[in-house]
K.L.:
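First the structure, which I've put down as structure tokens, then a few questions once you've had a look.
This structure is a prediction, so every number in the text was calculated from the model and none was measured.
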Amino acid sequence: MDLLARTCSTERMNVARLLARAFVIVGGLVWAMMLFASETAARYGNLTYSLSEVVEAGFVALLPFSIAVLVFVIGLFYERLAALLLLLAAVATVAYGFVAGWEGAVLWANILLVIVSPLVVAAVLFLLAASTQRVCELEGVSVEE
């Protein structure tokens, strides 16, 4: 009995795909909300915004959401490329933290928990789905999404 033999599991592959895509969309929404809130005078506190603040912050928040949608669409067709982009985003976030001089264990713990770990989890899920897809193709199993 070979305990480490790779087998085709379309159910596991589809769950990994769905979770990876959910991480990307939810992460994009979180990033967009964080940028929106940081670009207003209220700064996360009292939620009173003027129309000009909402429009200006909305345009800034469109950038991370657009990137998330782009990664989502890429992940529909090229899971390995989506995983690479997500891992690069995680590395870039940590590198930016070092360059910007983020200090304190609490800040780093929050960044790693809220931003970096979801990027890495989504990347790993995309890689798992892609590798299972490859195993299924090698076994000659027809995989339909």
K.L.:
Side-chain heavy atoms nearer than 4.5 Å, only ILVMFWY residues, links allowed to pass through others: does that put Val91 and Leu112 together?
P.N.:
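The answer is no; the residues belong to distinct hydrophobic clusters.
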K.L.:
Test of understanding: clusters of I, L, V, M, F, W, Y form through side-chain heavy atoms closer than 4.5 Å, transitively. Do Leu86 and Leu18 belong to the same one?
P.N.:
no
K.L.:
Kindly write out the residues that satisfy side chain to side chain contact (heavy atoms under 4.5 Å, CB included) with Val99, not counting sequence neighbours, or none if the list is empty.
P.N.:
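Residues passing side chain to side chain contact (heavy atoms under 4.5 Å, CB included) with Val99: none at all.
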K.L.:
Work out which heavy atom in Ala82 is nearest to a heavy atom in Val71; give both atom names and the distance.
P.N.:
CB-O, 4.1 Å
K.L.:
Quick one: are Trp31 and Ile115 in side-chain contact, heavy atoms under 4.5 Å?
P.N.:
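A side-chain contact exists here, since the closest heavy-atom pair is under 4.5 Å.
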K.L.:
Would you name the heavy atoms of Ala129 and Met13 that are closest together and state the gap between them?
P.N.:
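Looking at all heavy atoms of both residues, the shortest contact is O-CG, 3.6 Å.
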K.L.:
With rounding to the nearest 0.5 angstrom, report the OG1 to CH2 distance, Thr93 to Trp102.
P.N.:
6.5 Å
K.L.:
For the residue pair Val60 and Pro64, what are the closest heavy atoms and their distance?
P.N.:
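Where Val60 meets Pro64 most closely, the heavy atoms are O-CD, 3.4 Å.
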K.L.:
Only counting residues at least two apart or in another chain, list the ones meeting side chain to side chain contact (heavy atoms under 4.5 Å, CB included) with Ala109.
P.N.:
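Scan of Ala109 (side chain to side chain contact (heavy atoms under 4.5 Å, CB included), adjacent residues dropped) gives none.
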K.L.:
Rounded to the nearest 0.5 Å, what separates atom CD in Gln133 from atom CZ in Arg80?
P.N.:
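Rounded to the nearest 0.5 Å, the CD-CZ separation comes to 9.5 Å.
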K.L.:
Would you indicate whether the side-chain heavy atoms of Arg21 and Leu76 approach each other to under 4.5 Å?
P.N.:
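Of all side-chain heavy-atom pairs linking Arg21 with Leu76, at least one is under 4.5 Å.
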K.L.:
Let me confirm one number: the CG-CG distance from Leu127 to Leu87, rounded to the nearest 0.5 Å.
P.N.:
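Going from the CG atom of Leu127 to the CG atom of Leu87 covers 6.5 Å.
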K.L.:
Kindly work out whether a path of hydrophobic side-chain contacts (I/L/V/M/F/W/Y, heavy atoms less than 4.5 Å apart) joins Val73 to Phe126.
P.N.:
yes
K.L.:
Rounded to the nearest 0.5 Å, what separation is found between the CH2 atom of Trp108 and the CD atom of Glu103?
P.N.:
11.0 Å
K.L.:
Identify the two heavy atoms, one from Val120 and one from Ala90, that lie closest to each other, and give their separation to 0.1 Å.
P.N.:
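Heavy atoms only, the tightest pair is CG2-CB, 3.9 Å.
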K.L.:
Any non-hydrogen side-chain atom of Leu119 less than 4.5 Å from a side-chain atom of Phe23?
P.N.:
no
K.L.:
As a test of understanding, state which of Val106, Val94, Val116 forms a side-chain contact (heavy atoms from CB on, under 4.5 Å) with Ile111.
P.N.:
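Among the candidates, only Val116 passes.
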K.L.:
Taking all non-hydrogen atoms of both residues, which atom of Ala122 and which atom of Val24 are closest, and how far apart?
P.N.:
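Closest approach of Ala122 to Val24: CB-CG2, 4.3 Å.
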K.L.:
Give me the atom names and distance for the closest heavy-atom approach of Ala32 to Ala61.
P.N.:
O-CB, 3.3 Å
K.L.:
Please determine which of Ile67, Val69, Leu63 meets the side-chain contact (heavy atoms from CB on, under 4.5 Å) test together with Phe65.
P.N.:
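That would be Val69; it is the only one of Ile67, Val69, Leu63 passing the side-chain contact (heavy atoms from CB on, under 4.5 Å) with Phe65.
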K.L.:
Under 4.5 Å between side-chain heavy atoms, hopping through other hydrophobics if needed: is there a path connecting Ile25 to Phe77?
P.N.:
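Yes: a chain of side-chain contacts under 4.5 Å links Ile25 to Phe77.
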